Engineer: 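Below is a structure I'd like to ask you about.
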2 protein chains.
Amino acid sequence: MSTINPNPVPTETDEGVRRAPAVQGAVRLSQPLVETIEEEILTRQLKPGTRLDETELAQRFAVSRTPIREALIQLASAGLVELRPRRGALVAQVSPQRLMEMFDVMAELEAHCGRLAARRGTPEEQQALQAAHAECALAAEGDDPDRYFYLNERFHQALYRMSHNGFLTEQVLHLQRRLRPYRRLQLRVRQRVAHSFAEHQAIVEAVLAGDEVRAEAQLRNHIRIQGERFSDLVASL
Amino acid sequence: MSTINPNPVPTETDEGVRRAPAVQGAVRLSQPLVETIEEEILTRQLKPGTRLDETELAQRFAVSRTPIREALIQLASAGLVELRPRRGALVAQVSPQRLMEMFDVMAELEAHCGRLAARRGTPEEQQALQAAHAECALAAEGDDPDRYFYLNERFHQALYRMSHNGFLTEQVLHLQRRLRPYRRLQLRVRQRVAHSFAEHQAIVEAVLAGDEVRAEAQLRNHIRIQGERFSDLVASL
DNA sequence: GTCAAACATCTTGTATACAGGACTTGAGCA
DNA sequence: TGCTCAAGTCCTGTATACAAGATGTTTGAC
């Protein structure tokens, strides 16, 4: 019987789900379930097309089918799971074309973040952006793709916040998370880390200079490159 | 945007939700519930902040609490309902600032649709766009704001499809629906229908001419005006 | 040997039971 | 009179029971 993995994201689910059926502990059982299953889908431990049997999951997490069903519904709403009425749940298949469509939308949203960040960023946010950029520099020089990948996300998140548009930030964060496994492939490509960092440099300069047009263009291009690289990758298969 | 397949057949909800508990008709009871409650929230029959009591809803729709809970979870994922653990569900409050943020994102997504439509629209799609535009003309001349509102949505949807980006289309459709009650307020403003139609004219010309830059700019402006008007409306209160 | 229909089994969707947290109300106290 | 605390009630979250659709298998006919 497997328990729920400790989460990298700081949450207040202080304890695991290892509980006797009648004991009430966490506020909602389905929440950690959503996070765990989502993580496993995004990390490809659960592969697209995999059947998600409710009873099996219920046994695995030592809860009843009720919170499992609620978790699956939430995952379906996020697009990670396909729910076929009366026929069970599958890990959603994401076609290469759809991925490219998602990268396309991501590029536009990030570009808009860049424009707004250049226009609205406060001095503190500008400093935070530079700090995030400096951290990326260390990882890039140290030739540590995994660490760069993580810091790269932090860099972009600093930009999202600078947009001062909470809704936009939520949307683009969601897409960032959704596309993570595919973006991760990119950095394995030769020289990609170095190129990415150079692009960041141009972005930082444009944003700090308050150059909305350039910030927008640089970011659009920065994201779009990933979509194109991904497309090359797919085409080569 | 949810990947829950409601039905093998893309049919309307055959009728209301009033059914005897034991009658098996729809594939899932929660689906029509989601649609009904969503409709009532979007039409303001259920006002922001209203408590959504599970037992009460269960009685009203003559089902058990189980499908009600599943519906509420889906609505919460769509942002229409706020779920407070152990403390019940509320119709989500949308602050004026958040609405403006949503209009801002909407403007960018529609603008991108416009650009792609100008680049990729097929002759059939161009014809469909013109046809939708012509229908709007009739409603505008006839001074029928409600009908114009409906046809206006069809016009925009024709543009979304022209983008040939399914993910983008889903996202922007979702936002169109979400913002509907607030957009509806716009057309009551004096001369707004006439202005809107004039803007459509410019959009159609740009898209048909394949002028990506102009199509994008016209659409961004067309949507942004609504956000600004809304902001004026809020400020005047 | 192939196909189809009927049956058995599995799994989902819904109803209901039950436990525990949250809100309400009223009494005691300052 | 106002505040605090406690008991009672209500409602949510979870488990479980049950019904019916979906799937797989076996058997029978051609």
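By convention in this document, chain letters (A, B, ...) are assigned in the order of the sequence lines, proteins followed by strands, and residues within each chain are numbered from 1. Quantities reported herein were computed from a predicted structural model and do not represent experimental measurements.
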Engineer: Is any side-chain N or O of A:T66 closer than 4.0 Å to OP1 or OP2 of D:dT14?
Structural biologist: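 So the side-chain polar atoms of A:T66 never come under 4.0 Å of the phosphate oxygens OP1 or OP2 of D:dT14.
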
Engineer: Taking only Lys NZ, Arg NE, NH1 and NH2, and the carboxylate oxygens of Asp or Glu, determine whether A:R177 and A:E38 approach each other closer than 4.0 Å.
Structural biologist: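 Result for this pair is yes, salt bridge flagged.
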
Engineer: Say whether, by atom type as modelled, one donor and one acceptor occur between the side chain of A:S30 and the main chain of A:E70 under 3.5 angstrom.
Structural biologist: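 Not confirmed, A:S30 side chain does not pair with A:E70 backbone.
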
Engineer: Rounded to whole Å, please give me the gap between CG in B:L90 and C1' in C:dA22.
Structural biologist: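 Computing the B:L90:CG to C:dA22:C1' distance gives 14 Å.
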
Engineer: For the pair A:R120 (side chain) and A:S163 (backbone), establish whether a donor and an acceptor sit closer than 3.5 Å, ignoring hydrogens and angles.
Structural biologist: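 A pair under 3.5 Å: yes.
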
Engineer: Specify the separation, in whole Å, of atom CZ of A:R69 and atom P of C:dT12.
Structural biologist: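 These atoms are roughly 8 Å apart.
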
Engineer: Give a yes/no on whether any side-chain N or O of B:R51 is located under 4.0 angstrom from OP1 or OP2 of D:dT12.
Structural biologist: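 Yes, because at least one side-chain N or O of B:R51 sits under 4.0 Å from OP1 or OP2 of D:dT12.
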
Engineer: May I ask you to evaluate whether A:R65 reaches the phosphate of D:dT16, defined as a side-chain N or O under 4.0 Å from OP1 or OP2?
Structural biologist: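 No, because none of the side-chain N or O atoms of A:R65 sits under 4.0 Å from OP1 or OP2 of D:dT16.
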
Engineer: Side-chain N or O of B:R86 versus OP1/OP2 of D:dC10: is the shortest distance under 4.0 Å?
Structural biologist: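 The answer is no; no side-chain N or O of B:R86 sits under 4.0 Å from OP1 or OP2.
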
Engineer: Rounded to whole Å, please give me the gap between CZ in B:R84 and C1' in D:dT12.
Structural biologist: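 Interatomic distance, CZ of B:R84 to C1' of D:dT12: 12 Å.
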
Engineer: Rounded to whole angstroms, how far apart are CG on B:L83 and C1' on D:dG13?
Structural biologist: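 The distance from CG of B:L83 to C1' of D:dG13 comes to 11 Å, rounded to the nearest Å.
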
Engineer: Measure the distance from CD on A:Q31 to P on D:dT12 and round it to the nearest whole Å.
Structural biologist: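 Atom-to-atom, A:Q31 to D:dT12, this comes out as 18 Å.
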
Engineer: From CG of A:L33 over to P of D:dT14, roughly how many Å is that when rounded to an integer?
Structural biologist: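 In whole Å, D:dT14 P and A:L33 CG are 9 Å from each other.
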
Engineer: What is the distance from CG of A:L72 to P of C:dT11, rounded to the nearest Å?
Structural biologist: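 Going from CG in A:L72 over to P in C:dT11 covers 15 Å.
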
Engineer: If the threshold is 4.0 Å, N to carboxylate O, is there a salt bridge linking A:R69 and A:E54?
Structural biologist: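 So A:R69 pairs with A:E54 through a salt bridge.
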
Engineer: At less than 4.0 Å, is any side-chain N or O atom of B:R87 found next to OP1 or OP2 of C:dG21? Yes or no.
Structural biologist: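 No, outside the criterion.
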
